[in-house]
Structure formats: structure tokens, C-alpha cells
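Note sheet for the following structure.
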Number of protein chains: 2
Amino acid sequence: MSRRVTIADVAAAAGVSLMTVSRVVNNNGPVSETTRQRVLEVIAELGYRPSELARGLVTRRTRTLGVVVPDVSNPFFAGILRGVEQVAYAQNHNVFLCNTEESPERELTVLQSLEDKHVDGLILCSSRMEDEQLAKVLEGFDAVVLINRFLHGSRVATVLVDDQAGGRHVVEHLLRGGRRRIGFLDGPLSSQSGRLRKAGHRAALADAGLSYEDVPAIDCAPSVSGGLEGARRLLRQHPDIEALVCYNDLVAVGALQACFSLGRKVPSDVAITGFDDIELAALVHPPLTTCRVPRYEIGLRAARLLMQQIHADDEDVEDLVVQPELIVRASAP
Amino acid sequence: MSRRVTIADVAAAAGVSLMTVSRVVNNNGPVSETTRQRVLEVIAELGYRPSELARGLVTRRTRTLGVVVPDVSNPFFAGILRGVEQVAYAQNHNVFLCNTEESPERELTVLQSLEDKHVDGLILCSSRMEDEQLAKVLEGFDAVVLINRFLHGSRVATVLVDDQAGGRHVVEHLLRGGRRRIGFLDGPLSSQSGRLRKAGHRAALADAGLSYEDVPAIDCAPSVSGGLEGARRLLRQHPDIEALVCYNDLVAVGALQACFSLGRKVPSDVAITGFDDIELAALVHPPLTTCRVPRYEIGLRAARLLMQQIHADDEDVEDLVVQPELIVRASAP
DNA sequence: CTGTTAGCGCATTCAC
DNA sequence: GTGAATGCGCTAACAG
């Protein structure tokens with residue numbers, strides 16, 4: 001059953017015009033206190049609630065946001081989404097969720113559908129689209145925040161994680177612990193966050209007077225199995241390794257398994273660090289030292305940025321860099 | 001920028017009436033092939049796409065679904081959501097996601113907002129609302145599918161997991177393996193799925209000529225720490241236990257940790273089983289034998305049920321019971 | 001303070 | 001085959 005009672009019903013029942021009802025509902029325009037009360041009573045009695053559809057058509061505001069992610073079942077994006085929905089809820093907005101499933105074509109399609117639905121704002125995570133095409137599609141939106149994606153030559157608000165700082169933290173922590181012979185499981189080269197984390201590692205080593213060139217390092221798939229294989233190879237080639245710095249927590253879990261199978265004790269023989277701080281990190285044995293990427297907070301802040309844009313008159317756009325936080329656990333005390 | 005070009009622009013540019021354009025866009029009504037082609041050209045040229053808002057106002061169809069869950073960052077609900085969005089996408093619909101954060105008040109609020117937005121259908125997971133109030137709120141929707149929630153005395157489509165069968169599978173597996181002294185970490189009493197799984201355990205034991213009454217069992221929080229404490233107590237009280245059946249995977253991970261700290265080898269001394277098959281289950285050491293609850297598939301099927309309702313004329317409503325699947329891994333081979 | 005007129009962008013109903 | 005009216009439910013801009 002779609003909404004029965006309309007503003008006209010209320011107006012009739014209260015013996016006033018549509019506009020008067022509209023005024024009390026939206027709390028604008030002058031209405032005498034007595035009629036306001038009467039209208040409010042009728043509204044309560046009839047259970048009237050305005051149609052956001054009709055309202056949106058005329059106000060050009062739908063109180064609606066779009067969130068586009070590669071895959072909600074990835075905890076990282078689920079966390080972001082939860083943050084976004086939290087502020088949306090607090091500000092009486094609803095959020096459309098779209099998965100791209102890593103397909104640029106699907107991404108384009110959902111972006112268009114969101115535009116057709118007249119969302120007030122868009123949060124786009126890890127877009128896989130080409131710069132030029134992306135820039136063009138984004139023109140269809142009044143407010144946009146990009147997460148984990150640059151867009152050169154276009155002023156769109158962006159929220160990024162400071163992966164480089166995170167990479168630095170991890171290595172500095174190990175160096176403080178006296179480990180100097182550090183191996184790296186670097187994740188895929190194609191990953192921007194991977195490259196940034198690597199830069200952070202390098203910087204920390206340089207500060208300690210170590211050169212990254214001499215250091216055992218290997219690229220691997222960003223998964224448990226990638227970490228398992230990578231760690232095995234690295235530990236065989238360099239038996240003197242005292243610590244393994246991993247691209248992310250999954251890789252670190254693989255490294256953990258590799259150490260176990262090779263009879264290397266963690267952390268006494270080999271310390272291990274991950275990145276992201278997914279649930280898993282605290283639950284494996286030993287629990288992982290890692291660098292927390294605050295996904296929920298990223299969602300919160302991106303959404304606040306977006307709402308700000310929506311309500312602002314100017315075209316100014318703010319960027320944001322979120323700092324990851326070192327979490328020390330037993331795998332690298 | 002909101003949509004610039006409207007149907008009127010197209011009509012003018014093509015030298016036809018609005019209706020003709022509408023007809024070719026919606027592919028209904030008769031249009032001569034020549035004008036259809038011309039209109040299509042203009043549409044492509046101008047980049048016209050109809051406003052779903054305006055369209056929805058008159059057709060009373062918004063091509064929009066609502067999904068309400070306690071918390072998207074829970075992998076179970078994220079998986080469902082992904083399934084729902086998959087079929088929604090395939091059928092040109094968008095989905096609103098709402099978190100209730102376990103609050104019945106917030107649940108009511110988001111349900112109303114969804115109704116105000118005129119969603120065509122609603123998928124509601126693990127509703128915490130009272131039967132009566134829930135029934136009343138659901139009247140505001142044309143199509144509804146409930147997941148993980150009964151609603152007595154009201155015919156709403158429901159998708160449930162056969163937790164009882166799952167509970168049975170797990171115990172039967174252990175019995176087949178020759179373990180007869182089985183302990184149970186049952187999760188909270190308040191959980192319906194917990195009670196059902198328990199019933200399944202009992203049935204399997206009964207079939208094997210064992211009584212559930214003699215069996216070591218304990219309620220615990222559905223978390224790693226709950227499992228850890230529970231398992232410790234149970235193993236101390238009943239040192240002869242050969243297997244631990246856990247309410248879910250988190251509890252099982254806790255039990256794993258308890259065994260480790262007590263020096264009990266898994267699975268040789270004690271076999272352990274979980275439930276759900278979250279990511280974690282395969283990644284701990286040893287990997288968990290568990291019962292997979294197919295969350296993505298649940299989402300898919302719930303959404304299909306919903307779309308079916310949306311397009312059906314009759315009021316008939318279908319229910320669905322999804323079977324969980326035993327996954328045998330090293331923790332209980 | 002209140003009501004009237006108009007129109008958001010589109011599809012349904014009926015003429016032609 | 002095509003077009004002109006009409007209205008979905010609501011609010012903006014004026015009147016009174």
C-alpha cells in the first residue's frame with residue numbers, strides 16, 4: 001500500500017489550504033499558533049507523512065546519498081559504508097549502496113542510475129574508471145567525495161589514507177625493537193597503497209642509516225596464500241631475517257603460517273607485522289601487530305565532508321588525509 | 001548539476017510531442033519506425049535520461065528497494081546485502097541500505113523513511129521490533145521479505161536458515177568420527193538460532209542413543225572471549241571431553257585458544273566445530289570445521305522473492321528455508 | 001497570517 | 001500513429 005493520506009487530505013480535514021499544511025510541515029512561513037496546532041493534530045491523527053518523491057521533484061533535494069564501492073562484503077568498504085550511513089541517518093538522509101564488483105562498466109551504470117535517482121551527493125570508493133571518463137560522469141552530481149582515488153585536474157573532495165606514514169610507523173617500531181634484518185612482503189605493484197607503504201618503509205630505513213636496496217623484499221598477492229608462499233621463499237633465501245613487514249593483514253597471516261610450517265617461532269625468531277587491522281588480526285595466534293586503517297571513521301568524515309558540500313553555497317572543496325595508527329600486539333612486541 | 005535535458009527538450013529538438021518521446025523511451029504505445037529513430041537519435045545526442053523521481057511520482061514505481069540490517073559491518077549482513085544488490089542491479093533497481101544498530105527505535109525510523117521514499121520492496125533482516133508494531137509498519141510496504149525473523153499471524157515472505165539441520169550435521173559428523181564425549185558451548189539462550197542449533201544437536205545425540213541430559217554444556221557470549229572462558233570452564237569440569245561443538249565460529253576460535261592455553265591438542269585431544277563459516281574460520285590454526293550459512297545466496301534468494309512479489313498481481317507469498325552446509329577442515333576431520 | 005496560481009518531469013486517458 | 005489535456009504530491013512565488 002503506498003501512502004494513502006496526502007497533504008490534501010490533511011488540508012481538507014483541518015479546513016485549511018494545502019499551503020498552510022505545507023508550512024507547518026516544513027516549519028517555514030508564518031502560521032498562527034492556533035491553526036498550526038490544529039493542523040498538527042490532524043497530521044498526527046491521519047498519520048500523514050509527506051512523499052519524499054513529490055517533495056524531491058520540486059525542491060530538487062531528495063535527502064538521498066549514493067555510496068559506490070567495489071564490494072560491500074569487503075570489511076573495509078562495509079566499515080566505510082557504516083560510517084556514511086551513520087551520519088546520513090543523523091541528518092535524515094538515506095543512502096543508496098552500489099557494488100561495482102570491480103567492473104568499470106558496472107561502475108558507470110550504477111553512477112548513472114544514481115544520477116537518475118537525483119541523489120544529493122555521492123561517495124565513490126576506489127573508482128576503477130579512467131580519469132577522463134570519471135571526471136565527466138561526476139559532472140552529473142552536485143556533491144562528490146572520492147575515497148582512495150585521486151582525480152587530477154578536477155576539484156573533487158578526496159579522502160585518503162596516509163599509507164606512507166603507516167608504512168613508516170611499522171618499520172620504525174621494528175627498528176626500535178632492535179630488529180635490523182627486515183624482510184618485506186610487498187603486495188602487488190599495481191596497488192597504489194602498496195607503493196605508498198613501501199615508500200614509508202624506505203624512509204624509515206633511510207632514517208636508520210639502512211638502505212632499502214640491500215633488503216630482502218618480494219611482491220606477492222594480497223592474500224593469505226600470497227603471504228604464505230612469499231614468506232616461504234623469502235625465509236629460505238634469507239634465513240637471517242628477524243622480521244617480516246607485510247603489505248596487509250592477510251599477507252601477514254600467510255607469513256604466520258609459513259613461519260609455523262618452517263618451525264620459526266613468532267615473535268622470538270621472526271617478528272611479523274600486518275596492515276589494516278581487520279578483525280582477523282586480533283584473533284590469530286599470536287595476534288598481529290598492525291597499522292589500523294580507521295574505516296568507520298573514514299566513512300564518517302567523508303560523509304560529513306559531503307553533507308558540508310551539499311549545504312554550502314560556494315564551490316570550495318576540502319580534502320582529507322586520515323592517519324593510520326600502529327597497533328602493537330604479540331606478533332611484534 | 002541536476003539533470004539538464006528533460007523530455008520536453010527532446011520533444012522540441014525532434015519536432016514531436018512529449019508523448020511520442022515518452023513512448024519510445026518506455027517502448028510502449030505505437031510509434032512509426034521513422035519517428036522512433038529520429039527520437040532515439042536526439043536522445044542520444046542530448047544525452048537524455050528520464051528522471052526517476054518524476055517517473056516514480058506518476059507510475060508509483062521507484063525501482064528502489066530497501067534493505068534494513070542491524071549492522072552492515074557484520075560480515076553476515078554484508079554478504080546478504082551484496083546478494084540483494086546483485087539481483088537489484090540485474091533488474092535495474094537501486095537499494096537503500098539502513099543500519100538499525102540494534103535499536104528498535106532506529107529501526108522504526110528507517111522503516112518510515114523508506115516508506116516515505118516509496119521503495120517498491122523491503123528486505124528486513126533480524127528485526128528487533130515487537131510483532132504487533134512490526135506488522136503495522138510493514139503495512140506501509142507493497143512487498144516485504146523477512147530474513148531471520150518470524151512474524152506470526154501475518155503473511156509476509158520469510159527466508160530462514162535451517163539451523164536445526166545444521167546443528168544436527170555437526171554432531172553427526174563428530175559421532176561418525178568416533179567422538180562420543182562431546183561438550184557444547186551454546187551461545188546465548190536469547191538467540192533463536194542458538195536454540196534451533198541446540199535442538200539439532202540433541203536430535204543427533206538421541207539418534208545415536210545418547211542423552212543430551214548427561215552432556216557437558218554451557219551458555220556463553222557469542223564471541224571469541226565468550227568461547228575462551230566457556231571452553232576453559234568446560235574443559236576443567238570435564239577433562240574427558242573429546243570434542244567441543246560451538247555456537248558459532250567466533251566461539252570456536254575462543255575454544256581453540258582455550259585448548260592452546262590448556263595444552264590440549266586440536267584435533268587429536270579435542271576436536272572443535274564452529275558455525276557460519278566466516279572468513280576467519282579457514283584462516284585460524286587449525287582451520288575450523290564448521291557449518292556454512294550461505295549469506296550471499298540468502299541475499300540473492302530473498303531479493304528474487306521480493307522482485308517476484310513486486311511483479312506479481314496476487315498476494316501469494318512464498319517462504320524459503322536455506323540449508324547450511326557442513327565444511328570439514330582440520331579442527332575436526 | 002492565509003490562500004491561489006503555477007509547475008517540478010513525466011505517464012496515463014482520451015481524442016484526433 | 002500522434003497529440004492535448006490532466007494530474008501524481010508537493011512547494012515557490014505571489015496575492016490578499
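In what follows, chains carry the letters A, B, and so on, assigned in the order in which the sequence lines appear, proteins first and then strands, with residues in each chain numbered from 1. Note that these values count all heavy atoms, side chains included, but never hydrogens, waters or copies made by symmetry.
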Are [X] and [N] close enough that a side-chain N or O sits under 4.0 Å from OP1 or OP2?
X       : N      : result
B/Thr6  : C/dC10 : yes
B/Thr35 : D/dG1  : no
B/Arg60 : C/dA11 : no

To the nearest angstrom, how far is [X] atom [atom1] from [N] atom [atom2]?
X       : N      : atom1 : atom2 : value
A/Arg63 : D/dC10 : CZ    : P     : 13 Å
B/Arg38 : D/dG1  : CZ    : C1'   : 13 Å
B/Glu52 : C/dC8  : CD    : C1'   : 16 Å
A/Leu57 : D/dC8  : CG    : C1'   : 9 Å
A/Leu53 : D/dG7  : CG    : C1'   : 15 Å

* Structure fact -> Residues passing the side chain to side chain donor-acceptor pair (under 3.5 Å) test with B/Arg55, sequence neighbours excluded, are B/Asn26
* Asked: Partners of B/Thr100 by side chain to side chain donor-acceptor pair (under 3.5 Å), sequence neighbours excluded?
  -> none
Checking [X] now: which residues fulfil side-chain contact (heavy atoms from CB on, under 4.5 Å) with it, not counting sequence neighbours?
X        : result
B/Glu318 : B/Leu305, B/Gln308
B/Val321 : B/Asp162, B/Gln323
B/Leu40  : B/Val24, B/Arg36, B/Gln37
A/Gln91  : A/Val87, A/His93, A/Met307, A/His311

* To do: Salt-bridge test for A/Glu107 and A/Arg128: reply yes if a basic N is under 4.0 Å from a carboxylate O, no otherwise.
  => no
* Are B/Arg301 and B/Glu297 within salt-bridge range, i.e. N to O under 4.0 Å? -> yes
* Asked: What parts of residues 9-17 of chain A reach DNA chain D, counting only heavy atoms under 4.0 Å away?
  -> none
Got a list of side-chain donor-acceptor pairs under 3.5 Å for residues 10-18 of chain A, not counting sequence neighbours?
{"from": "A/Ser17", "atom 1": "OG", "to": "A/Met19", "atom 2": "N", "distance (Å)": "3.3"}
{"from": "A/Ser17", "atom 1": "OG", "to": "A/Thr20", "atom 2": "N", "distance (Å)": "3.4"}
{"from": "A/Ser17", "atom 1": "OG", "to": "A/Thr20", "atom 2": "OG1", "distance (Å)": "3.3"}

* Structure fact -> Students should find that the end-to-end axis angle of the helix from C/dC1-D/dG16 to C/dC16-D/dG1, with five pairs defining each axis and rounding to 10 degrees, is 40°
* To do: Can you run down the salt bridge (charged side-chain N to carboxylate O under 4.0 Å, His left out) pairs that involve residues 85-97 of chain A, sequence neighbours left out, and say none if there aren't any?
  => A/Glu85-B/Arg106
* To do: Going 5' to 3' through nucleotides 11-16 of chain D, assign each nucleotide B (protein heavy atom under 4.0 Å from a base atom), S (under 4.0 Å only from sugar-phosphate atoms) or - (no protein heavy atom that close).
  => SBBB--
* Pairing residues for B/Phe96 by the ring-ring contact (aromatic ring centres under 6.0 Å, His included) criterion, not counting sequence neighbours -> A/Phe96
* Structure fact -> Of A/Ala54 and B/Thr20, the one whose closest nucleotide on DNA chain D sits nearer the 5' end is B/Thr20
